[in-house]
Amino acid sequence: MASENVVLSANQSDVEPCFTAQAAYEAAISARAAAESASSRMFPPAVRRGVKAIKREGLIDGFEDIIGARGALREVLDLVRTVAPTDSTALIEGETGTGKELIAHAIHEHSTRRHRPFVKVNCAAIPLGLLESELFGHERGAFTGAVTRKVGRFEAANQGTLFLDEVGDIPPELQPKLLRVLQDGEFERLGSTQTQRANVRLVAATNRDLAKLVAQNQFRRDLYYRLNVFPIPLPPLRARSGDIPLLVMHFVRTYSERMHKQIEWIPREVMEALVDHSWPGNIRELQNFIERSVILANGKTLRPPIGELRQTTEIDSLQPITLQEVERHHICKTLEQAHWVIGGPTGAALRLGLKRSTLYARMQKLGIFKANQVAGNCSSRSE
C-alpha cells in the first residue's frame, strides 16, 4: 500500500503537494492545497490532472507574494484590487501575525505609486519621545542629541505610500498632528516653524478595536473616521485553515533552502495536525514553528514537535475568549449539525432563531464561508 505522505517536489523552485493514497489526495483537492510542479514525472497522470485543476481554481494571480487559495483571503484580495488604484486611506484590521504588512505592500504594488517609496513605521515599537521625530523629522538643536537635521517618514514617503503599523498605539497627544497631515498634507519638523508638504498615500494597520478605543476616549473620533475610509478586515489563520498546507510547504521550502537541507516528505498525520491546530499566533506562529521543525529535521522527512502544539492548545484553553469568538464557534457548530443548510425547517437559521439574511450577514462578518466547509473553515472541521 502506498504511504500517505505529502510530497515536496525535487525542483527547489517549485513545491507540489501530492497525497499518493486516494483518501489523502481527495483531502488535498478539498483544501485546494496544491500547486503544479515542473517535475511532473514524479507523479502519476491522474494526480497531475487533479493538481492542474487545483491550480486553476486556487492560485492567486497578481499576488505572487501572498500564499492562499480561496474563501476569506480571496475576499481580502478583491478589496485590495478595488482600493489600490485610488489614493484613499486604507485601514487593515486583524490579529497579530495575520500578514497585515504583506497586504499593505500589495496595495502599494497595485497602485499608481508602485515605483515610488514604500515606507513603514511600527508605531508600537517607537517610544513617544521619538515617534514624533520619526514621523515628521526634526531640525538640528530641536532637542538634546539632535545634532543634525533629520527627514521624517512622511517626507521620505513623498509621492509614495506610508504604512503605519499598529496605528492604535499612537499616543493621544500626537494624534492631532497626524490628523492634520492626513487632511491637509502639511506638517512642521520638530524645532521648525516652516511648513512642509508631503503627497503621501496612507495605509494603516491595527490589531486593536479602534471603535472601542474611541468610545473609551483613548483615540480621536475624527482621526478614526479619517483612517477608516476603506477598512480591510484580515481573517485569522483559523478562519482559512484550508490554506495551511500551502503555507506549510512554502515555509518548508524556504527554510530548507536557507539551511541547505533537502526535505521531500511530510507525513499525512503531521499535515493533519498542523491543519487542526488553532494557531492563536496566526501565520507568524506557523512560520516560526516550521522554521524550528526544519532545524530539527535530520533526514528527508519533516517530523515537527507536534507535542508542543498540544501544549499550546491546552494553555490557550485556559485563556478567556471574546464574545465574538464564542458566537463564531456556536454558529459553526450549528452549521455543521445542519449539514450547512441555511434555510428551511431543519436549517441553521431556524435552529439559531435568526432570519436567513441575518445569519448570512453574521457569517460574513465572522469570516465563516460555506464554500470552505470541507477545508475546515470552522474551529473544528466537519467530518
Side-chain angles (χ1 to χ4, degrees), residues 26-27 29-33 57-58 60 68-83 90-96 98-100 103 206-212 214-215 224 228-244 275-280 282-283 313 316-317 319-383:
E26 291 173 355
I29 292 290
S30 67
R32 306 299 198 268
E57 292 188 45
I60 303 172
R70 56 184 304 156
L73 184 61
R74 284 277 183 155
E75 295 192 359
V76 169
L77 298 183
D78 286 343
L79 293 176
V80 170
R81 290 188 182 95
T82 300
V83 74
L91 177 63
I92 306 169
E93 302 169 295
E95 298 177 7
T96 299
T98 51
K100 295 188 289 293
I103 296 299
T206 181
N207 64 357
R208 307 180 68 182
D209 187 341
L210 292 187
K212 184 177 180 180
V214 169
Y224 169 66
N228 199 39
V229 174
F230 195 90
I232 301 178
L234 198 55
L237 187 56
R238 61 183 174 274
R240 42 179 292 224
S241 56
D243 290 337
I244 289 178
V275 171
D276 287 339
H277 187 58
S278 62
W279 300 108
N282 294 294
I283 298 173
T313 302
D316 292 336
S317 66
Q319 301 298 322
I321 59 177
T322 66
L323 183 60
Q324 188 178 62
E325 290 172 329
V326 172
E327 181 183 12
R328 185 179 191 281
H329 178 76
H330 182 54
I331 290 176
C332 281
K333 283 296 183 183
T334 306
L335 286 167
E336 291 171 359
Q337 293 168 3
H339 305 290
W340 287 83
V341 176
I342 304 296
T346 61
L350 185 62
R351 297 188 185 199
L352 292 167
L354 300 173
K355 294 181 179 179
R356 184 168 57 180
S357 59
T358 303
L359 178 54
Y360 276 124
R362 298 304 301 166
M363 289 170 62
Q364 183 175 9
K365 181 178 180 180
L366 296 170
I368 303 172
F369 299 94
K370 185 178 179 181
N372 269 4
Q373 55 179 310
V374 181
N377 175 252
C378 290
S379 302
S380 60
R381 296 180 301 166
S382 57
E383 298 297 332

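The heavy-atom pair separating L234 from G99 by the smallest distance is CD2-C, 3.7 Å. What you find for P235 and T98 is that their closest heavy atoms are O-CG2, 3.8 Å. In terms of heavy-atom proximity, G343 sits nearest to V341 at O-CG1, 3.3 Å. Pairing each heavy atom of G94 with each of K100, the nearest pair is O-NZ, 3.3 Å.
The side-chain hydrogen bond (donor to acceptor under 3.5 Å, both in side chains) search around T96 returns N207, not counting sequence neighbours. Here E95 pairs with R238 under the salt bridge (charged side-chain N to carboxylate O under 4.0 Å, His left out) rule; sequence neighbours left out. Take L210 and apply the side chain to side chain contact (heavy atoms under 4.5 Å, CB included) test, not counting sequence neighbours, and it matches L91, V167, T206, L213, F219, Y224. Looking at residues two or more places apart in sequence or on another chain, you find a side chain to side chain contact (heavy atoms under 4.5 Å, CB included) between P233 and L79. For S357, the side chain to side chain contact (heavy atoms under 4.5 Å, CB included) partners are K355, not counting sequence neighbours. L354 pairs by the side chain to side chain contact (heavy atoms under 4.5 Å, CB included) definition with L352, T358, L359, not counting sequence neighbours. Not a single side-chain hydrogen bond (donor to acceptor under 3.5 Å, both in side chains) links R356 to another residue, sequence neighbours left out.
Side-chain contact between R240 and I283: present, with at least one pair of heavy atoms (C-beta onward) separated by less than 4.5 Å.
Rounding to the nearest 0.5 Å places CG of L335 at 5.0 Å from CD1 of I342. To the nearest 0.5 Å, atom CG of residue D243 and atom CZ of residue R74 are 9.5 Å apart.
In this structure, N282 contributes its side chain and P236 its backbone to no donor-acceptor pair below 3.5 Å.
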